[in-house]
Amino acid sequence: MGTHAEEILSARVGRPVHAGEIVVVDVDYVMSHDTTTPLAVEAFRKLDRPVWDPSRVVIAIDHVVPASTPAVATIQRGIRQFAQEVGIDNFYEGGNGICHQLMVEKGYVAPGAIVVGGDSHTVTYGALGAFAAGMGSTDVGLVYATGKTWFRVPETVRFDITGTFGHGVTAKDLTLLMVQTIGVAGAVYCAVEYGGETVRRLSISERMTLSNMAIEMGGKVGLIEADDITDAYLTGRVRYDTGTGHLAPVNPTYRRVVNLNVDDLVPLVACPPEVDNVRPVTEVLGVPLDEVFIGTCTNGRLDDLALAARVLEGQTISPTTRCIIIPASRDIYIQAMEHGYIETFIRAGAHVGSPGCGPCIGRHYGVLGRNERAMTTMNRNFTGRMGDATAEIYLGNPATAAASAIEGKIADPRGYLR
Amino acid sequence: MTVATTGRVWLFGDNVNTDEIIPGRYNLTTDRAALAQYVLCEVRPDFPTGVRPGDVIVGGNNFGCGSSREHAPVAIQAAGTACIVARSFARIFYRNAINIGLPILVCPEAAEAAADGDRIEVDPVSGRITLPERGLVFNAEPLPPFVLRIAEVGGMLEFVKQYGWEGVTRTEF
Ligand code: SF4
């Protein structure tokens, strides 16, 4: 009996557990990427034990691909050698896609599972009803060696969403509305639960956009109950069954319940330098932009690219703005190509990058210079995130970003979506 | 080891994020000295060169929010910072700091009272925080026993080696 988070953790430890308790749990899969694997390997080596189960470890090279400098290339070479040495077959070379997209797409996430990752956006997998939390490298190294980790059973902040998205409004706008409503620290140490009729109708991709940004409110996990939509997505894809079926909250006690209706929601923009600094797009129209970036684990999936392509079809990107578009995975890239989206982007004047994180963490492929300004579909607008500390980052949905690329300044996408 | 420390206060506001603690463009190394060189340089350019062993960072709400990069507390520790006191911490940062044996205390009252440059004494074991120049003493929220023990043995790796995972649910050591 309890929240979704309590139900999953109780099922795993075999007795009812409640918020505040400390539990040690077996982990189904552990993920790390090119930035977090090296420190995790250092921690793992200090333990002087073999890898608990190499088939349960996933490593993706995605943050800086292909390598941008000799130092980065050397670090990535070390990761490849480690994977070979300990026999990690679930190794995704650069170009396969963003770690989180691969975890879901390649079937490493199942409803009721416990998955941890050396990346804060590991919370994304909550979209499939998995307890998935980001951790640091020492924790990841410990999972490599033991297959276990500890959690403080979290309290829960619950969102109940009603209504239907209007013209030009997407799951990204809903997630920005949530962050605005409870603030960037609104769910610190808490599980976030998403429910209500609107959430039930969302696709897996849209649900991932919600869960992805649970961490932007400080959340430990971002849980959505698995249902028929989840099962349809996972059929032929998922590699295991946790045996828990679809877990759901049972007589839960929440720290806070937030009811939101999206009928009147408009496209939103998170203004620098905090994700909860959210305004309707109509209030920031005309802010000049040096760069537009569409992609990432938040909004780099096929439906996001389809939306951007609808806006960019037959249009030309402003000569004063560079537009970078990066599909979240190779599979998505191929599908986008088959649908003609990639050609639309290139004809409009965009750079289309090989799947990965791109400029999202300010290391390569479109970093920002002094006093530059960008509109992106990313999840974070922190100072210095995309390059120079004086640069400004605005966050919005893929249609808003695409419309802004055409005009060279922040634009309302609704005029472009007929 | 978690010995009491005396140093100066480096005061920070709310929501100091991991990109500010160690920007993505610098966290591609695991070299502690290199990380220390850039720690908090975006928010306090004088911090990396000015911080002295034993100094204490005092932060606002949600300190360390953002990414899971362990480079963030490592950089703070490598720069010589003895301890962090804040109103509240972001969850992954808190856990990472504990894991590497960097004492970290939640104490809204001390965070409210301290000014940049104040002298401060912190005893991570008792949770006692003193601002001697102001004649103020605070008691931080006590840490769970296993968390204290992690800090005492020098980090989570050593803790698991000594006590195994069972140690995590022990209430006495
Ligand atoms: S796309 Fe951005 S937020 Fe997502 S994993 Fe990569 S760097 Fe992190």
Side-chain angles (χ1 to χ4, degrees), chain A residues 21-24 34-36 38-40 42-43 46-48 63-64 69 71-72 75 117-122 133-142 145-146 148-150 152 154 183-185 188-190 215-216 218-220 273-274 360-363 367 380 382-387 389, chain B residues 14-20 22-30 41-43 45 60-74 87-101 144-147 150 155-161 164-171:
Chain A
E21 274 179 65
I22 307 275
V23 294
V24 175
D34 45 321
T35 304
T36 54
L39 270 182
E42 267 184 36
K46 283 185 196 149
L47 286 161
D48 206 18
H63 273 54
V64 185
T69 65
V72 169
I75 285 173
D119 190 282
S120 60
H121 292 103
T122 302
M135 295 188 169
S137 300
T138 297
D139 280 312
V140 171
L142 277 161
T146 68
K148 292 181 197 297
T149 195
W150 67 275
R152 181 183 170 278
V184 293
V188 172
Y189 305 126
C190 290
I215 182 72
E216 266 40 82
K220 178 181 217 152
E274 297 289 351
C360 185
I361 42 154
R363 295 259 196 83
V367 297
R380 291 196 174 131
F382 299 162
T383 303
R385 172 92 181 168
M386 291 181 76
Chain B
D14 291 339
N15 304 317
V16 171
N17 66 59
T18 51
D19 280 83
E20 291 169 328
I22 189 75
R25 59 190 185 280
Y26 301 127
N27 82 346
L28 49 81
T29 171
T30 61
C41 64
E42 313 261 301
V43 245
N61 278 315
N62 203 20
F63 188 93
C65 60
S67 84
S68 69
R69 64 189 69 153
E70 200 162 302
H71 309 72
V74 168
R87 282 173 177 278
S88 70
F89 291 94
R91 169 197 153 254
I92 304 177
F93 182 88
Y94 184 81
R95 190 175 170 117
N96 286 345
I98 299 284
N99 279 343
I100 64 166
F146 84 97
V147 168
I150 292 170
M156 190 65 184
L157 297 175
E158 199 45 47
F159 178 88
V160 174
K161 271 195 203 170
W165 281 111
E166 303 74 44
V168 168
T169 43
R170 267 171 72 168
T171 50

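Chain identifiers are assigned alphabetically (A, B, ...) following the order of the sequence lines, protein sequences preceding nucleic acid strands; residue numbering begins at 1 within each chain.
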Minimum heavy-atom distance between B/Gly64 and B/Thr18, given as atom pair plus value:
O-CG2, 3.5 Å
In Å and rounded to the nearest 0.5 Å, what is the [atom1] to [atom2] distance from [X] to [Y]?
{"X": "B/Ser88", "Y": "B/Asp14", "atom1": "OG", "atom2": "CG", "value": "7.5 Å"}
{"X": "B/Phe93", "Y": "B/Phe63", "atom1": "CZ", "atom2": "CZ", "value": "5.0 Å"}
{"X": "B/Asp19", "Y": "A/Arg380", "atom1": "CG", "atom2": "CZ", "value": "7.0 Å"}
{"X": "A/Met135", "Y": "A/Thr122", "atom1": "CE", "atom2": "OG1", "value": "9.0 Å"}

Which one of [options] has the most heavy-atom pairs closer than 4.5 Å to chain B?
{"options": "A/Val64, A/Asp139, A/Asp34, A/Asp119", "answer": "A/Asp139"}
{"options": "A/Leu39, A/Ile22, A/Val184, A/Val24", "answer": "A/Leu39"}
{"options": "A/Ile215, A/Leu142, A/Val23", "answer": "A/Leu142"}

Would you check if B/Arg69 and A/Ser137 make a side-chain contact, meaning some heavy-atom pair closer than 4.5 Å?
no
Just so I know, are the side chains of B/Phe159 and B/Asn99 near enough to count as touching, which here means a heavy-atom distance under 4.5 Å?
no
Top contributor to chain A contacts, counting heavy-atom pairs under 4.5 Å, from B/Arg95, B/Met156, B/Glu42:
B/Arg95
Report the option among B/Glu70, B/Glu166, B/Glu158 that has the most heavy-atom pairs separated by less than 4.5 Å from atoms of chain A.
B/Glu70
Under a 4.5 Å heavy-atom cut-off, does chain B meet the side chain of [X], its backbone, both or neither?
{"X": "A/Val188", "answer": "side chain"}
{"X": "A/Thr149", "answer": "both"}
{"X": "A/Glu274", "answer": "side chain"}
{"X": "A/Glu42", "answer": "side chain"}

Given heavy-atom pairs under 4.5 angstrom as the criterion, report whether the side chain, backbone, both or neither of B/Ile92 touches chain A.
side chain
Which bit of B/Asn96 comes within less than 4.5 Å of chain A, counting heavy atoms only: side chain, backbone, both or neither?
side chain
Going by the angle between their ring planes, with limits at 30° and 60°, are B/Phe89 and B/Tyr94 parallel, tilted or perpendicular?
tilted
